[in-house]
Structure formats: structure tokens, C-alpha cells
Enquirer: 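Right, I'll just put the structure down here and ask away after.
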Amino acid sequence: MATPSFSIILSLLLIIGVGISQSEARAFFVFGDSLVDSGNNNYLATTARADSPPYGIDYPTRRATGRFSNGYNIPDIISQQIGSSESPLPYLSPALTGQRLLVGANFASAGIGILNDTGVQFINIIRMPQQLDYFRQYQRRVSGLIGEASTQRLVNQALVLMTLGGNDFVNNYFLVPNSARSRQFSIPDYVPFLIREYRKILMTVYNLGGRRVIVTGTGPLGCVPAELAQRSRNGECSPELQQAAALFNPQLMQMLQGLNRELGSNVFIAANTQQMHTNFITNPQAYGFITSKVACCGQGPYNGLGLCTPLSNLCPNRDVYAFWDPFHPSEKANKIIVQQIMSGTTEYMNPMNLSTILAMDSEA
């Protein structure tokens, strides 16, 4: 009888031990679009996927994982910085079970936006209401593992990353001439509408337990290789898309500040990704890039047309390109962005950067 009881005690100690080590490294939850999708769309019948070469060419496995990158994406690099045992797995991954759930989960899905009609051409993607439903389901699953009180604590102490908005312009308003939304709204009216809808999403995240939520703005939408290929004559950024980003990002910041005042706490942290991108787009050489106009992988002008496929042009050294494909930054650019998220001044991270958050929370 001694042996079974010993094994039961050993199992309990292992479970407790795992729980303690996981609680030291906070959980990490990711919501949003292709900038932060780590492979959910691999499990969906959609054209918005990155599961074939040359995606992942610089990832440790040298295989396409569903990340829209040559290597690591922003959630991967943040996970490394905050000491996680691994980057949170895509929520749809069959591997996301048991103790791996305590690391967190990535709910992001390429092609989605703030609005449910964004990305309709991609058919089967995980729009925000579904991402939030999955977050509820996740909490029920974890409660079955560690109990409701511990689950609530895990979620309250977690880091949350939210990346939305770019597709509401690129894959909705500006997708085709005379799009439905462009007939309904001028850009100065569309942006406040988006901000109001985004506020509802963020309040839902708060009501589901999110207490440290980094919210990224859009990049300089008119300067990505895809838009240069379609709208630029001499390499200049698209003024319409630049105007959209210039209106959206400050209004997003104001909305986040208003939410924090209302909640009486710095729940929402604004990441000025427009400025982060603009730095290396306007002065690529200062960051070790040879170009910020031409994508590493693609075809046509600026390698900005169509998708990145095995038949595309492919640069030999991804580290000297700011853009990996027509829309997405290279791993090297992602590392520069995360560096600013970690330690940037209030020009980049408001009201504080992630290093400050980690230091404050470790003392709490």
C-alpha cells in the first residue's frame, strides 16, 4: 500500500510545484489580427493563413507555423522578455491542454478587425465576439484544472495584448473603391465610430478579468509595401491611409486614457506603434535596414502585390528588410517594436512601459 500512496503524494507535489512555477511567470493572453496571430487560422478554412513556405524560414524549426513573419512575431518576443516558459499557443491548437493552459492562450486570427464586417473576403476567421467567447471558454477549462478562485487570480495577474484596427481600414474601408463603409462614412466620421466599437471590446476584456492590457495602435498604414504597390507613384506613402492612421491613433489614446480615469486604474496601456514603425520607415539605415519600402517576400512593385508564396521573390537576408511581406514587419522589426514596448518613453508607451509594469507588479 505504501507505493500507491507515495505516488499520489508525489503527483500532488508535482501539481503544486507546476502551479507555483507558472504563477511566478504571469500568464499572457493575445487578441487581434495577423500581426499577432500565432497559427489559429491554420485550423480554419480561410485564405488568410501563413502555413506554407517561405513563412517561418527563420523560425527555430525553419517551418511555417501560421505566424505572418519570417521568424518570431510580437507575442513570441514579449513572451521571451517577460520570462514565460513558452509563447502562448494558438487557442485552436490541440496541444493547448493541461498545464500548458496556465501559460495563457493566443486567440488572434488574421484578417479580423474591430468591426465584424472587416475581412469578410477571408470567410472563416475568428472575429472579436468569437475571440472573447473563446476567452470565456478558456477560463472555464482552467477552472476545471485549478479552481475558479485561482483562475480569476491567474487572469487578473496576466498580461493581455490587443492588436486591432489596421484591417478596418486596409481590408474594409479602403479595400475596394466605393466600399460599403466608405459610402456610409467619411474617414473623420469612420474613426470615432471604430473607437466607440473598440471601447466596447476593451470593456468586455476588463469585465472578463483583464487588468494589464497593452493596446497597440495601427502602424503608418499608407507606407506598407502593399499600399505603395497599389497607390504610390514615386515611393511616397498613401495620403488617405496616412490620414486614417493619424486620426485613429490619437483618438485611441484618448479613449484609453478616458477608460483608465473611469476605472480609477491604469488598466489600459497605449503602445504608439505608429511612431515605432515611423522611426524605421523614415530612417531605415539607423536601424540596420537597407529598405523600408520593399518587402523581403513578394512580387510586383516593392514586392507588394499578392501573397508571399514559394514562387515569390525572396531576399537572402531578412534582417536588413523592415517588412517581411507586403503587410507585416520582419522579425528584426518586431524586435525593435518590442524593445520600445519594454523600455520606451511615454512618447511610445503611455502611461508606462512594460518594464515599469513588471517592476510595479512584482512589488505588489
Side-chain angles (χ1 to χ4, degrees), residues 32-35 37 41 46-50 52 54-55 68-70 110-115 117-123 125 163-188 190-191 194 217-249 273-274 277-278 280-282 284 289-315 318 321-330 333:
D33 58 27
S34 60
L35 290 166
D37 182 355
N41 282 20
T46 178
T47 54
R49 44 203 296 166
S52 59
Y55 285 96
F68 286 75
S69 173
N70 57 300
I112 69 114
I114 296 165
L115 305 179
D117 57 288
T118 290
V120 289
Q121 71 274 28
F122 301 124
I123 319 286
I125 49 181
T163 295
L164 285 173
N167 283 328
D168 294 288
F169 298 103
V170 171
N171 279 309
N172 189 330
Y173 193 96
F174 290 105
L175 180 64
V176 291
N178 296 314
S179 67
R181 289 296 188 185
S182 69
R183 292 195 304 273
Q184 183 183 7
F185 293 105
S186 67
I187 278 292
Y190 184 58
V191 168
L194 286 180
T218 72
L221 299 170
C223 302
V224 301
E227 300 305 332
L228 296 183
Q230 293 173 62
R231 300 169 185 272
S232 180
R233 289 180 184 172
N234 303 305
E236 76 285 359
C237 300
S238 158
E240 300 93 345
L241 279 152
Q242 287 297 87
Q243 181 209 13
L247 289 170
F248 179 83
N249 289 306
T273 38
Q274 182 179 19
H277 279 85
T278 298
F280 57 73
I281 282 172
T282 53
F289 298 122
I290 57 170
T291 178
S292 60
K293 294 184 187 298
V294 180
C296 168
C297 181
Q299 46 279 312
Y302 308 100
N303 278 343
L305 295 179
L307 302 169
C308 170
T309 73
L311 300 176
S312 298
N313 301 319
L314 180 66
C315 69
R318 274 69 65 184
Y321 282 73
F323 284 95
W324 155 245
D325 71 8
F327 285 105
H328 303 97
S330 63

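Predicted model, so just to flag it, every value in this text is computed and none were measured.
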Enquirer: Name all residues meeting the side-chain contact (heavy atoms from CB on, under 4.5 Å) criterion together with Pro301; count only those two or more places apart in sequence or in a different chain, and write none if there are none.
Expert: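 Counting only residues at least two positions away or on another chain, Pro301 forms a side-chain contact (heavy atoms from CB on, under 4.5 Å) with Ala229, Leu305.
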Enquirer: The criterion is side-chain contact (heavy atoms from CB on, under 4.5 Å); which residues satisfy it with Gln184, sequence neighbours excluded?
Expert: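 Result, side-chain contact (heavy atoms from CB on, under 4.5 Å) vs Gln184: Arg181.
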Enquirer: Pro225 versus Asn303: any side-chain heavy-atom pair under 4.5 Å?
Expert: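 Side-chain contact under 4.5 Å: no.
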Enquirer: At their closest point, which heavy atom of Leu194 faces which heavy atom of Ile114, and how far apart are they?
Expert: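 Here Leu194 and Ile114 meet closest at O-CG2, 3.8 Å.
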Enquirer: Going by salt bridge (charged side-chain N to carboxylate O under 4.0 Å, His left out), name the pairs with one or both residues in residues 229-247, residues two or more places apart or in two chains.
Expert: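 Listed once each, the pairs are Glu227-Arg231.
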Enquirer: Once you find the SG atom in Cys297 and the one in Cys308, is the distance between them below 2.5 Å?
Expert: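 Their SG atoms fall under 2.5 Å; a disulfide, then.
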Enquirer: So, for Val191 and Phe248, which heavy atoms are closest and what is the spacing to 0.1 Å?
Expert: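 That would be CG1-CA, 3.6 Å.
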Enquirer: How long is the gap from CG on Leu221 to CZ on Phe174, to the nearest 0.5 Å?
Expert: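 If I round to the nearest 0.5 Å, the distance is 8.5 Å.
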Enquirer: Of all the heavy-atom pairs spanning Pro326 and Gly304, show the shortest one and how long it is.
Expert: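 That would be CB-O, 3.6 Å.
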Enquirer: The criterion is side-chain contact (heavy atoms from CB on, under 4.5 Å); which residues satisfy it with Arg183, sequence neighbours excluded?
Expert: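 Arg183 satisfies side-chain contact (heavy atoms from CB on, under 4.5 Å) with Asn178, Ala180 only.
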Enquirer: If the condition is side-chain hydrogen bond (donor to acceptor under 3.5 Å, both in side chains), which residues does Gln299 pass it with, not counting sequence neighbours?
Expert: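 Gln299 satisfies side-chain hydrogen bond (donor to acceptor under 3.5 Å, both in side chains) with Ser312 once adjacent residues are dropped.
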Enquirer: Taking Lys293 for the side chain and Leu228 for the main chain, is one N or O donor matched with an acceptor at less than 3.5 Å?
Expert: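 No, Lys293 side chain to Leu228 backbone: no donor-acceptor pair under 3.5 Å.
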Enquirer: For the residue pair Phe323 and Tyr302, is the inter-centroid distance of their aromatic rings smaller than 6.0 Å?
Expert: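 Judged by ring-centre distance (under 6.0 Å), Phe323 and Tyr302 do not meet the cut-off.
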Enquirer: Of all residues at least two apart in sequence or in a different chain, which pass the side-chain hydrogen bond (donor to acceptor under 3.5 Å, both in side chains) check with Thr291?
Expert: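 None.
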Enquirer: Kindly write out the residues that satisfy side-chain hydrogen bond (donor to acceptor under 3.5 Å, both in side chains) with Thr218, not counting sequence neighbours, or none if the list is empty.
Expert: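 For Thr218, the residues satisfying side-chain hydrogen bond (donor to acceptor under 3.5 Å, both in side chains) (neighbours in sequence not counted) are Asn249.
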Enquirer: State the CG-CZ distance between Leu307 and Arg49, to the nearest 0.5 angstrom.
Expert: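 So the gap between those two atoms works out to 12.5 Å.
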Enquirer: Ser34: which residues meet the side-chain hydrogen bond (donor to acceptor under 3.5 Å, both in side chains) condition with it, sequence neighbours left out?
Expert: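 Counting only residues at least two positions away or on another chain, Ser34 forms a side-chain hydrogen bond (donor to acceptor under 3.5 Å, both in side chains) with His328.
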Enquirer: For the residue pair Tyr321 and Asn70, establish whether any side-chain heavy-atom pair is separated by less than 4.5 Å.
Expert: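 Answer no - side chains too far apart.
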Enquirer: List for me each residue that meets ring pair (Phe, Tyr, Trp, His ring centres under 6.0 Å) alongside Phe280, sequence neighbours excluded, and say none if there are none.
Expert: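 If we apply the ring pair (Phe, Tyr, Trp, His ring centres under 6.0 Å) test to Phe280, skipping adjacent residues, the hits are His277, Phe289.
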Enquirer: Is there a side-chain contact between Cys296 and Leu314, using heavy atoms and a 4.5 Å cut-off?
Expert: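 In short, these two side chains touch, coming nearer than 4.5 Å.
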Enquirer: Would the distance check show the side chain of Thr273 and the main-chain N or O of Gly217 forming a donor-acceptor pair, the cut-off being under 3.5 Å?
Expert: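 Present.
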Enquirer: Say whether, by atom type as modelled, one donor and one acceptor occur between the side chain of Ser238 and the main chain of Gly222 under 3.5 angstrom.
Expert: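 Not a single qualifying donor-acceptor pair exists.
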Enquirer: So, for Phe169 and Tyr190, is the gap between ring centers shorter than 6.0 Å?
Expert: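 Yes, the ring of Phe169 comes within the 6.0 Å limit of the ring of Tyr190, centre to centre.
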Enquirer: With sequence neighbours left out, write down each residue that passes ring pair (Phe, Tyr, Trp, His ring centres under 6.0 Å) with Tyr55, or none if nothing qualifies.
Expert: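 Ring pair (Phe, Tyr, Trp, His ring centres under 6.0 Å) list for Tyr55, sorted by chain: Phe68, Trp324.
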Enquirer: Side-chain donor-acceptor pair under 3.5 Å between Asp168 and Thr118, yes or no?
Expert: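 Result is yes, a qualifying pair exists.
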Enquirer: Could you report the tightest heavy-atom contact between Tyr173 and Ser179, atom names first, then the distance?
Expert: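 Closest pair (atom of Tyr173, atom of Ser179, distance): O-OG, 2.6 Å.
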Enquirer: What pair of heavy atoms forms the shortest contact from Pro284 to Ile281, and how long is it?
Expert: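 Where Pro284 meets Ile281 most closely, the heavy atoms are CD-O, 3.6 Å.
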Enquirer: Please identify each residue that fulfils side-chain contact (heavy atoms from CB on, under 4.5 Å) with Asp33, with sequence neighbours left out.
Expert: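 In terms of side-chain contact (heavy atoms from CB on, under 4.5 Å), with neighbours along the sequence ignored, Asp33 is linked to Leu35, Ile112, Thr163, Asn167.
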Enquirer: Nearest 0.5 angstrom please: Gln121 CD to Thr46 OG1, how far?
Expert: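 The distance works out to 9.0 Å.
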